[in-house]
Structure formats: C-alpha cells, structure tokens
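First comes the structure, then the notes that go with it.
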There are 2 protein chains.
Amino acid sequence: MIIFLLYKIIYNAITTYITNRFDTKNNLLSLFRKHCVLKKKTVTIDDIARYLNIATSTVSRALSDHHSISDQTKKLIKDTAKKLNYRPNSLAANFRKGKTKTIGLVVPRINRNFFSNVIHGVEYVANQFEYSLIICQSNETYKSELEAIETLMNNRVAGILISISRETRKPGHIKSVIEKGIPLVQFDRVFEEIKSNKVLNDNLNGAYSAVKGLIDQGYRRIVHFAGPYYINIYQDRYEGYKKALLDSGLTPDEKLVFENILTREEGYEKTMEIFGKANRPDAVFAASDFSALGAMIALKDMNIKIPGEVGVVGYANEPFTDYISPGLTSVDQHSVEMGQTAARLLFEEILNEDENYVPKTLTLKPDLVIRDSSSGG
Amino acid sequence: MIIFLLYKIIYNAITTYITNRFDTKNNLLSLFRKHCVLKKKTVTIDDIARYLNIATSTVSRALSDHHSISDQTKKLIKDTAKKLNYRPNSLAANFRKGKTKTIGLVVPRINRNFFSNVIHGVEYVANQFEYSLIICQSNETYKSELEAIETLMNNRVAGILISISRETRKPGHIKSVIEKGIPLVQFDRVFEEIKSNKVLNDNLNGAYSAVKGLIDQGYRRIVHFAGPYYINIYQDRYEGYKKALLDSGLTPDEKLVFENILTREEGYEKTMEIFGKANRPDAVFAASDFSALGAMIALKDMNIKIPGEVGVVGYANEPFTDYISPGLTSVDQHSVEMGQTAARLLFEEILNEDENYVPKTLTLKPDLVIRDSSSGG
DNA sequence: CTGAAAGCGCTAACAA
DNA sequence: TTGTTAGCGCTTTCAG
C-alpha cells in the first residue's frame with residue numbers, strides 16, 4: 001500500500017515534471033514509453049489526458065466521438081491515443097455503463113448443420129449492430145443450459161437468444177431472464193407458454209408438404225419416425241403428418257408412428273425391423289435427415305429400391321442429403337435466415353425505448369426440397 | 001445529482017433504521033424486497049453486508065470461499081445472498097481484477113465440420129477450467145480477423161486461440177497479441193515464423209499416407225487438387241503428395257497438380273476438363289473432401305467407374321464421406337482432439353507462473369480412413 | 001477471523 | 001467547448 005502510494009506520488013511528479021520541462025514531443029514520448037514499459041502499465045485515458053494536459057472527460061468524449069468536442073481536439077486526442085498505443089478497457093466501460101455490447105446465444109449443439117447456420121445468421125446481424133457474440137452449448141443438457149444462462153446474466157449481456165435443450169422440461173430459468181428485464185428471443189425449440197419473443201419454423205406445414213408430396217407420388221402407407229413429443233417441433237411435425245394423411249382421405253395408423261427415432265442408427269434399426277416383415281409400408285417420413293439416412297441404408301441392405309419400392313423423406317435439409325444417391329428429399333428450414341430473424345428481433349427489443357414492449361412471434365415457412373428419394377412408387 | 005445524493009442518504013437511513021428497528025427477519029426481508037423492486041436496484045454485496053450488518057469485505061470473501069471466513073458466517077452469508085436473490089456482477093469483478101475468465105477463439109468459419117469440431121473440443125476443456133468462450137468468425141477475411149482480435153483484447157480475455165483466415169497475409173495482429181503478453185495458441189492454419197504456441201496437423205504425413213494408399217492400390221497417374229500454397233496446410237499436403245510419389249519411384253508431374261481447387265464446383269469443373277480427354281490420369285488426391293466430391297460426381301457423369309477406373313481420396317473426413325457411395329477415402333484430422341489440445345496448451349500458458357514461458361509446438365498425427373473410393377484399380 | 005478503506009478505468013452529471 | 005468530480009460493485013491490503 002505504502003509502496004503503491006509512493007509510486008503514485010512519484011509517478012505524478014515525474015509526469016508533471018516532464019510535461020512541463022521538455023518541449024520536444026519526441027523526448028517526452030520516449031520517456032513516457034519507457035515509463036510504461038517499466039511499470040508494465042497499460043495506457044489509460046488518464047495517461048492521455050495527463051500527457052496532453054487536458055481533462056480526462058475530454059479525452060473520453062473525444063474517443064467516443066461526442067458531438068461537443070471540436071474536430072481539432074478530437075484529432076489531437078485520437079492521434080495521441082494511437083501514438084501511445086492506447087487500448088480501450090472495455091471492461092471498465094461496460095462496468096461503468098452497467099451493460100455490454102454483447103449478446104448471448106445458447107444452443108444445444110454447435111456442430112449441427114442447423115445450428116451452425118443459425119449462428120452464422122446471428123453473427124451477421126450482430127456484426128451490423130457492432131455487438132459481439134458469446135456462444136454457449138448446452139450439449140442438450142439442462143444443467144449446462146442453466147449454467148450458460150447464469151454466466152450470460154452475470155456478464156450482463158444485452159440480450160439472449162436461446163433454443164431449448166432436449167433435456168430441459170422446466171422454464172424457470174427462461175422466466176428469470178425475462179423477469180430481470182433482459183431481452184430474450186426463443187427460437188426453434190421453445191416454451192410456447194412463456195411470454196417472450198419467438199421465432200419458429202412452421203413445422204406443421206413443413207411436415208404437411210413433405211407427406212403430401214409422398215402421397216402425390218402414390219405412396220400410401222407412410223411410416224413416421226418422430227422425435228420426442230414434448231419438444232414442440234416434433235409434436236408439430238407429427239401433427240402435420242397426420243393432417244396430410246387425413247386431408248388426402250387416408251387414415252393415420254398409430255402402428256406406423258415411432259417416437260424417438262432421430263439418429264442414423266435408430267433409423268437403421270427400426271427400418272430393418274419394420275420393412276423386414278411381410279405387408280411392409282411403402283414410405284418413410286422421418287423428422288430427422290439422419291434417421292432418414294439410416295432408413296435408406298437399411299433399405300439398400302435389404303435390396304429394397306428407393307424410390308421404386310419405398311419413398312423416403314427427411315427433415316432439415318442437411319448438406320449430405322444432396323450428396324448421397326439417390327438424393328434425399330427433405331424440408332429446408334432456412335436456418336441462416338432464422339438466425340438473422342431471431343437476432344433482428346432481439347435487437348428490436350434491446351434498442352426499444354418504450355416501457356411496455358410487446359413480444360412478438362414470427363414464423364418462417366419451410367420449403368420442401370424434392371430429390372430422387374421420393375420420386376414415385 | 002442532488003436527487004441522487006438525497007436518495008442515497010434516505011436509502012442509508014432507511015436501511016439502517018429497519019435493520020435496527022425490526023427484529024423479525026421476515027418483516028425486514030419484505031421491506032428490503034419492496035425497496036429493491038421499487039428502485040429497480042440489483043442486489044449488491046453491499047446490500048447483503050448492510051442487511052446483515054457486517055463488512056462488505058466479509059461478504060465478498062465468504063462468497064468466494066475464502067479460507068479465513070468461518071463456516072458459520074459463510075453459511076449465513078450464502079443463505080442471505082440466495083434469499084435476497086443476489087446475482088454477482090462479473091463485470092465489476094473482472095474490471096477490478098483486470099482480467100476475465102473468458103478465452104477467445106477466432107476461426108475462419110463456424111459452419112465447417114472441422115472447425116465446429118474444434119470448437120467442441122475447446123469448449124469441453126474451457127468448461128473443465130470454468131472459463132467461458134467467446135467465438136469470433138473471420139469469415140476468411142483479414143478485416144474481420146483484425147476486428148475480432150481487437151474486440152477480444154479490449155475485453156481482456158485471458159487468452160486467444162486462432163486459426164488464420166485464408167485472406168490473411170500479415171502477422172502484425174498476432175504479434176501485437178503476443179507483445180501484450182496475452183497467452184496465444186495458433187492452430188491448424190498458422191504463421192510458422194511467429195514464436196507462439198502452435199498445434200498442427202501433420203499434413204505432410206497425412207497426404208503422404210493418402211497418396212501412398214492410392215499407389216499401393218495400383219494407381220499411378222495421380223492428380224492433386226491443391227489449396228493455395230501460401231497457406232501452410234496446403235503447402236504441406238502438396239509436399240506429402242510429392243514425397244509419396246518419389247518414395248515409390250514415381251516422378252511427380254507438375255501438369256497433374258492444380259492449385260486452388262477446393263470446392264465441389266471447382267473439383268467438378270477441373271475433373272471434367274482433365275478426365276474428359278484421352279490419356280487420362282487414374283486417380284485424384286484432393287486437399288479437400290469437397291473437391292473430391294466434385295470429382296466423384298464428375299466421374300459418375302462421365303460414366304467412369306470409381307474405384308474401378310479411377311480412385312479418389314479426399315482430406316478432412318467430413319461426415320458426408322461416409323454417407324455417399326462409394327464411401328470416400330479421406331484423412332481424419334482428429335478435429336475434436338485438436339481443439340482440446342489447443343485449449344489445454346492455452347491454459348498451460350494462462351496458468352503458468354514462470355516469467356519466461358517457452359512456447360510449444362504440438363503436432364497431431366492424422367489417420368487415413370479407407371473407404372471404397374480408393375479400393376483398387 | 002473480521003472490518004475499514006482505497007481504488008481499478010471509465011462515463012456522465014453538473015459547472016464553468 | 002472543456003473541466004471537475006463522484007461513483008459504478010467488487011477485491012484486496014492493511015489493521016485490528
């Protein structure tokens with residue numbers, strides 16, 4: 001402590017001394033630099049002010065382009081800042097202002113095509129607003145999701161974008177974000193009952209058009225590989241499946257619907273089981289491209305022709321759907337656009353001045369991308 | 001200002017008053033809560049201290065489990081914190097300490113299988129150390145890379161992991177990070193000449209084993225689709241290609257090597273051009289799975305049999321290599337492990353106490369994953 | 001084991 | 001247009 005005070009006093013004395021004593025800027029600069037290096041001190045706004053013998057506030061204002069500072073002074077200050085290799089301390093600024101120019105994004109997984117595209121979209125918009133992005137993975141667990149929210153809130157992010165993990169059943173953490181007044185957008189996998197901004201895919205209609213497509217091509221007994229129903233998107237896809245059947249005068253058969261078939265392995269196993277028997281169905285509509293892929297591989301292994309004998313349609317339009325043969329018909333969710341939309345909505349709330357902001361729900365229309373795997377039975 | 005001071009005075013008076021006056025905790029609590037809600041004030045350490053009539057420092061210490069606080073006091077303080085719904089302000093703590101528990105990651109693209117796996121690996125390790133992760137995309141541009149570095153430095157991240165963008169040619173920004181004493185690890189795409197931690201793939205040996213594999217299967221005139229040579233990884237893959245040929249007694253033919261063929265489209269076009277003529281080569285070694293895919297599609301379109309007439313090998317072991325048929329032989333770079341290794345190395349430097357830390361270079365061995373596309377001509 | 005108090009670097013209200 | 005000054009919430013040194 002004593003040493004520190006002593007240092008401070010000497011420091012001030014020296015800087016004042018050299019400021020007054022030496023006329024040549026170069027000399028002053030070199031002394032200043034030596035001083036900084038010696039003390040491993042980072043250059044602050046105060047240093048610039050002392051160096052130019054002006055007020056700290058003037059420097060602060062100049063650096064943030066405040067209108068009330070003359071262009072001349074601004075230039076001088078900015079040049080000096082550069083000369084002294086000044087780096088703003090965002091930590092201090094954020095702390096002082098009680099907020100950051102950072103938004104948080106919580107996704108189940110980053111290495112999933114859908115989410116990495118969403119992130120791409122979010123980043124694009126965040127960049128435009130000059131905000132940075134901190135990304136958290138929940139890894140589909142409730143625990144990590146809680147921790148992520150906790151961290152983001154503690155770090156006073158300006159807003160949060162979230163897609164709920166598969167494991168999460170309680171919306172308490174989402175509620176607490178909203179109660180704290182932190183802008184929030186739920187996207188894709190959401191708690192419907194929570195009053196917040198939401199960006200959704202129209203999963204019902206996406207599934208509807210997928211199944212309708214199969215029916216139009218002559219397929220009749222269509223299997224559905226569903227996800228867990230407690231997640232809204234899978235529930236909706238299931239509804240769309242049923243609706244398409246009913247609208248075409250077909251009766252949905254519960255025995256053709258299988259919950260929790262989402263991975264390649266699950267799709268493979270289940271297909272082997274169902275299509276290995278007599279009186280087999282003639283099509284598969286999978287809620288995931290991966291289980292659709294598993295189905296295709298199983299069908300190939302059983303020497304069943306796609307699309308001749310069995311049609312297959314997936315969901316999400318993963319890149320590989322276009323690479324395999326036959327190409328897998330799938331539903332494109334416009335994932336990049338979804339990220340952008342969610343981010344724009346978030347900024348709408350962040351930048352909103354009005355006290356009573358009313359949250360919105362936006363729904364994006366998915367598109368059926370028709371490839372060979374469903375082209376007629 | 002005056003109003004604020006007045007508020008402060010009244011605030012203190014009231015809290016002191018209620019602290020002294022009321023005995024029943026419940027009553028006190030409800031008053032406190034009402035007060036906080038009314039003022040939209042977030043609960044601070046000081047509030048807890050005032051509430052319990054103890055020192056701020058004690059509260060601070062208790063909450064961070066300082067050893068010199070009795071278990072009894074700790075429990076009391078923690079319970080109270082919970083009761084008052086206290087949220088730590090990381091902004092203030094970080095600012096005070098002059099550092100954060102955050103590491104920065106700069107990658108060219110997030111929606112590339114390799115990088116999303118690296119991120120996964122980094123996140124895993126960061127989690128273990130209880131650090132959070134801020135991810136920046138350079139989108140393969142120099143400008144974004146600079147901005148990312150700038151932001152990360154201003155936010156006083158504890159360390160930076162970076163893989164250089166395709167556009168970046170000058171290492172000035174990397175140097176400045178190191179000069180500032182911020183721990184840094186370059187991975188995959190690096191500036192060799194910069195003295196820093198590095199994690200590399202042994203691209204030379206990866207390419208070597210890929211080409212050796214083709215030769216062993218009887219292929220002789222092997223085309224190489226290369227990336228830009230100024231990027232170290234593509235240079236190394238090219239070297240590996242040549243070395244494998246030479247070691248097998250074959251003479252590398254410059255006319256079979258094509259720079260900057262990395263995408264599916266480029267691979268398709270170039271393959272059409274080369275293999276459409278008489279006296280065509282009999283294999284392709286692509287520095288990217290995507291150009292290898294393009295080659296496969298082109299060969300199919302020309303009715304050239306894979307692997308019967310032409311063998312194809314890619315690089316990176318993208319997931320789709322396993323889904324297409326024939327499966328594409330490729331080189332696996334252990335991307336998740338790379339992320340973990342890079343992150344561990346970073347933490348080694350971050351947590352290092354020793355003044356003169358000597359940076360390390362680690363090299364990971366890639367593995368050839370043999371599939372049908374190269375199984376014999 | 002606990003308390004008192006300084007101060008991190010910056011912003012913004014108020015004064016000039 | 002510029003200067004003065006208080007204080008954001010926390011940690012930490014020093015003193016008991």
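Sequence lines set the chain letters: A, B, ... in the order given, protein chains first and strands last, and positions in each chain run from 1.
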- Mind running side-chain hydrogen bond (donor to acceptor under 3.5 Å, both in side chains) on B/Asn197 and B/Gln186 for me, showing each step along the way? CA-CA 6 Å; B/Asn197 287 310; B/Gln186 298 188 79; over 6 Å; no
- Query: Ignoring hydrogens and angles, are the base of C/dT2 and the side chain of B/Ser68 linked by a donor-acceptor pair under 3.5 Å?
  - Reply: no
- Task: Rounded to the nearest angstrom, tell me the gap between atom OH in A/Tyr51 and atom P in C/dG9.
- Result: 20 Å
- With respect to the side chain of B/Ala93, which nucleotide from D/dC10, D/dG9, D/dG3 is positioned closest? D/dC10
- Query: Of all the choices, D/dC10, C/dG3, C/dG9, which nucleotide is nearest to the side chain of A/Phe95 once you look at every atom?
  - Reply: C/dG9
- Message: Taking only side-chain N and O atoms of A/Tyr86, does any of them lie within less than 4.0 angstrom of OP1 or OP2 on C/dG9?
- Response: no
- Just wondering, do B/Val106 and B/Ile135 contact through their side chains at under 4.5 Å, heavy atoms? no
- Message: Taking any heavy-atom pair under 4.0 Å as a contact, classify A/Ile54: base, sugar-phosphate, or nothing.
- Response: sugar-phosphate
- Between B/Ser57 and D/dT12, does any side-chain N or O lie under 4.0 Å from OP1 or OP2? no
- Upstream residue (5' side of DNA chain C) when B/His66 and A/Asp46 are each assigned their closest nucleotide: B/His66
- Message: Which nucleotide wins on minimum distance to the side chain of A/Arg61, given the candidates C/dG9, C/dA4, D/dG3?
- Response: D/dG3
- Message: How many whole angstroms separate atom CG of A/Leu52 from atom P of D/dT2?
- Response: 12 Å
- Grab the NE2-C1' distance between A/His67 and C/dA12 for me, whole Å please. 12 Å
- Atom CG of B/Asn154 to atom P of C/dG9: distance rounded to whole Å? 14 Å
- Query: Please give, in whole Å, the distance from C/dG7 P to A/Asn89 CG?
  - Reply: 18 Å
- Item | Among C/dT2, D/dC10, C/dC10, the nucleotide that comes nearest once only the side chain of B/Ser70 is considered | C/dT2
- Message: Would you say B/Thr73 places a side-chain N or O within less than 4.0 Å of OP1 or OP2 belonging to C/dT2?
- Response: yes
- State whether the distance check finds a donor on one side and an acceptor on the other, under 3.5 Å, for side chain B/Arg87 versus base D/dG9. no
- What integer distance in Å separates A/Asp71:CG from D/dT2:C1'? 15 Å
- Could you give the CG-to-P distance, from A/Leu76 to D/dT1, as a whole number of Å? 16 Å
- Query: Looking at side-chain heavy atoms only, is the closest gap between A/Ile103 and A/Val122 below 4.5 Å?
  - Reply: yes
- Message: B/Tyr131: which residues meet the ring-ring contact (aromatic ring centres under 6.0 Å, His included) condition with it, sequence neighbours left out?
- Response: B/Phe347
- Query: Can you tell me if B/Ser138 and B/Thr141 form a side-chain donor-acceptor pair at under 3.5 Å?
  - Reply: no
- Message: Regarding A/Tyr51 and A/Asp46, do their side chains bring together a donor and an acceptor under 3.5 Å, going by distance alone?
- Response: no
- Message: I want to verify a distance call: between D/dT4, D/dG9, C/dT2, whose nearest atom is closest to the B/Thr58 side chain?
- Response: C/dT2
- CD1 of B/Ile45 versus C1' of C/dA4: gap in Å, rounded? 15 Å
- Query: Between the base of C/dG9 and the side chain of B/Arg156, is there any donor-acceptor pair under 3.5 Å?
  - Reply: no
- Task: Check whether any side-chain N or O of B/Ser60 sits under 4.0 Å from OP1 or OP2 of D/dC10, and answer yes or no.
- Result: no
- Could you check which of C/dC10, C/dA12, D/dT13 has an atom nearest any side-chain atom of A/Lys97? C/dA12
